[in-house]
Every structure is written in C-alpha cells, then in structure tokens.
Amino acid sequence: MNSHTSSSHTFSNAVRAHGRRLSVVAVATALAAGPAALAGAGAAQATGGDSHKGGRADAVVLRTGLNVALLNKTVNVPLKVALNEVRAPASAEKTALTARLDGVDGGRPFSVLRADVATAKATVRGGTARGYSNIARAKVHVPGLPLLSLVEVEQVTSKAVCTEGERPVAESNLLGAVTVLGKKVTLTAKGTTEVAVPGVGEVTLALSKTQTTSRTAAASALELTVSVNPLKLNVAEVTGTVTLAGAGCETPVGVTPPKEAEEKPQGEPGKPVQPPKTEANLAETGGNSTTPYVAGGAVVLLVAGGGAVTLARRSRD
C-alpha cells in the first residue's frame, strides 16, 4: 500500500468518525431541546388559573338576640330568631314571624314581627356585590307584651353595595313615624334615643348605623337595645338587641377582565392574523406536542449525514 492510499484511508476514517460525532451531537441536542421547551410551555400554562374571590352579599329583615327570664328567675330562655335572612344569590319576602318558647304562655306561639312588606335580597354579579332590605308598616313584639308593640315603623330600608375598583357604600333610610312601647319618638341622625316607660321598661334606639372598609360595607336601619320587665305570661324580664333592615357586602376581587385581554391582536394591514397551531391541530395529523422537536432532530441528522457522505466522496477523489 502506497502512501497516497494510506493517507486516503486514514482521512476516510476520520471523516466517518467526525460524521458519527455530528450525528450523536445532533440527536442529543434535539432530545435535550424538546423536553426543555415543553417544560417551559408547561410552566407558562401553570401560571394561569382563577385566583379571584367571588365577593359576598347578605341581607336580613329582622334579627333578635334576646334573653327571656321567667318569673322564678331560675330559667333563662334565649330568643334568637331571624326573618328573611339571605346570602347571595337569594331573596325572601316573608312578612310574618312567630316563635315558641318553653315556659312562656304555655308554650303557645307568639308573634315576633308582622309587616305589610318585608323584603331581603342579596346578589353578586360580575364585579358587584349588593345587599338590600326593606320593611313597611311593621310591628315587633317580645314575650310578655302580647298587646303592646316593642316598636312600630312606617318604612325602613338598608343597602350595601361593593363594586370592584370603587369604594364600598352603605346607607339606611327611615321614613315616617316610629313608635316605641306605645310612645311616638323622634330619632336623631347621630347618637342614640332613649325611651323609658314606667312599669314596662326601657329601650335605646340607634338610627341608621353604617360601617365601611376598603372592601366591605354594612348597614342597619334601626338597632334597639331592650330591657323590659312585663311581668306577664310568666315573663319577668327581656333583655338583648333587635335589628331591623340589615344589609352587608364584600367586594369581589379579580372578576373584571384586565384591559389587555380586551385588546385585539395587531397585524399587518390587509393580512389576517393567523391563530397559533394548537394541540388539536397536531392531533389531526397524528402528531403531538413533541412532534416539532423530533422533526427538528431528524433534519439535523440528515444534514450531518449528508455532510459526512460529501466529505467521504471528496476523500476518495
């Protein structure tokens, strides 16, 4: 074998080895790039999701937190009742509430509230939570005073509105006269009003109590602090609170879509914007999400192989 043949053989072997190295590098690059790109796409999708809070709204026509002491002073019976207490989404329009208490009037039912109108509504829609209550021509009774109303009102309303991006609002209104233990009273917008009836008891009234924070609002049209001693129907004393027309809300967060999502994609004038190929498009051709990387690896292998063949042919020449 002459020196020219030996040199050609050596060069040919070097070319083949170089081609094999190119093939190995191409395969490793394609296999490494595919999973890395897929991992990146998966992480991008994982950052999405629904993280907003849906908000809250509630309303109630009447709520009592009373304690009823019987004549023997050894038994206390709680009277905790509510009329038309709702949470979003709900509404109620029941106009009468009765209750039974053991040891009071032989356990027979007695009227707690009766009204011509008693409405409570609570809604959460889009970025707004709203609570609303309304009472018209209502009478409230407590045990031991079957004929004398604790309070009578012409009309009271409360409203609480919490809208995303806005300050929550709470308001209450009292229309017409108010009668407490048979006495007509004039309520003040601020502070409390006290009514005392000898031989019956005392009632302290707070008008239109409202409270707001950065995300919540609450309102009650009328709150009564009660302390009466009727001495009838085996009832010695009734103490506690009564609330008329209550409403509350909490602002929904993240419900309104961001402005960026509403903007239309920009493209060249006169050319339609092509949607990106999705998983479904790949499925139609029998591929999947790794298909582009496998195809890319095959192209690299073909190029590397072709280069090796070309170098080998040149070496023979």
Side-chain angles (χ1 to χ4, degrees), residues 59-72 75-86 90-121 133-158 172 174-185 187 193 195-207 220-247:
V60 63
V61 164
L62 175 139
R63 183 186 293 113
T64 67
L66 298 173
N67 182 73
V68 180
L70 302 185
L71 282 178
N72 54 21
V75 179
N76 293 318
V77 184
L79 177 59
K80 296 182 179 181
V81 296
L83 178 65
N84 297 350
E85 186 171 24
V86 296
S91 63
E93 297 184 0
K94 189 176 180 181
T95 58
L97 173 65
T98 60
R100 294 173 182 266
L101 289 177
D102 293 337
V104 177
D105 197 18
R108 288 188 290 268
F110 61 91
S111 173
V112 178
L113 179 139
R114 185 171 298 277
D116 290 353
V117 177
T119 303
K121 295 182 180 180
S133 59
N134 175 44
I135 310 171
R137 292 173 294 279
K139 295 181 179 182
V140 178
H141 289 269
V142 295
L145 294 175
L147 302 179
L148 182 62
S149 300
L150 175 68
V151 61
E152 299 180 19
V153 296
E154 288 293 325
Q155 185 176 11
V156 289
T157 62
S158 286
S172 295
L174 174 65
L175 303 175
V178 175
T179 302
V180 178
L181 298 176
K183 299 174 62 174
K184 284 190 176 183
V185 297
L187 302 179
T193 301
V195 178
V197 176
V200 178
E202 298 179 354
V203 177
T204 301
L205 299 90
L207 174 66
S220 57
L222 200 60
E223 287 192 359
L224 293 78
T225 301
V226 180
S227 178
V228 296
N229 49 344
L231 300 177
K232 295 180 180 180
L233 302 180
N234 197 38
V235 175
E237 188 177 23
V238 179
T239 57
T241 59
V242 176
T243 301
L244 288 173

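Throughout, residue positions are numbered sequentially from 1 according to the sequence presented. Just so it is clear, the values below take in all heavy atoms, side chains as well, and ignore hydrogens, waters and symmetry mates.
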CD (E202) and CG (L181) are apart, to the nearest 0.5 Å, by 10.0 Å
Measuring only between side-chain heavy atoms, which start at C-beta, is V178 closer than 4.5 Å to T193? no
N84 to T119 - nearest heavy-atom pair and separation: ND2-N, 4.3 Å
Between NZ on residue K121 and CD on residue E93, distance to nearest 0.5 Å: 6.0 Å
What is the minimum heavy-atom distance between Q155 and N134, and which atoms define it? NE2-OD1, 3.1 Å
From CA spacing to verdict: side-chain contact (heavy atoms from CB on, under 4.5 Å), L174, L187: CA-CA 9 Å; L174 174 65; L187 302 179; 3.4 Å; yes
Heavy-atom side-chain proximity of L150 to L145 below 4.5 angstrom: no
Mark yes when over 12 heavy atoms from residues, nucleotides or ligands other than D116 sit less than 6.0 Å from its CG; otherwise mark no. yes
Report all side-chain donor-acceptor pairs from residues 60-68 shorter than 3.5 Å, counting only partners two or more places apart or in another chain.
| residue | atom | partner | partner atom | Å |
| --- | --- | --- | --- | --- |
| R63 | NH2 | E85 | OE2 | 2.8 |
| T64 | OG1 | L79 | O | 3.0 |
| T64 | OG1 | V81 | N | 3.1 |

On a heavy-atom basis, which atom in A236 and which in L70 lie closest, and how many Å separate them? CB-O, 3.5 Å
Quick check for you: to the nearest 0.5 Å, what is the distance between K232 atom NZ and L148 atom CG? 8.0 Å
Mind checking the CZ-CZ spacing from R100 to R108? Nearest 0.5 Å is all I need. 10.0 Å
Tell me every residue that passes side-chain hydrogen bond (donor to acceptor under 3.5 Å, both in side chains) with S158, counting only those two or more places apart in sequence or in another chain. S172
Does E223 have any side-chain hydrogen bond (donor to acceptor under 3.5 Å, both in side chains) partners at least two apart in sequence or in another chain, and if so, which? K209, S220
Nearest-0.5 Å distance that lies between atom CG in L113 and atom NZ in K139: 11.0 Å
Nearest atoms (heavy-atom pairs only) where V104 meets P143: CG1-CB, 4.0 Å
Can you see which heavy atom on A245 is nearest to which on I135, and at what distance? N-CD1, 3.7 Å
Looking at N234 and G103, would you say the former's side chain and the latter's main chain have a donor-acceptor pair under 3.5 Å? yes
All heavy atoms of P78 vs all of L101, minimum pair found to be O-CD2, 3.6 Å
To the nearest 0.5 Å, tell me how far L233 CG sits from D105 CG. 4.5 Å
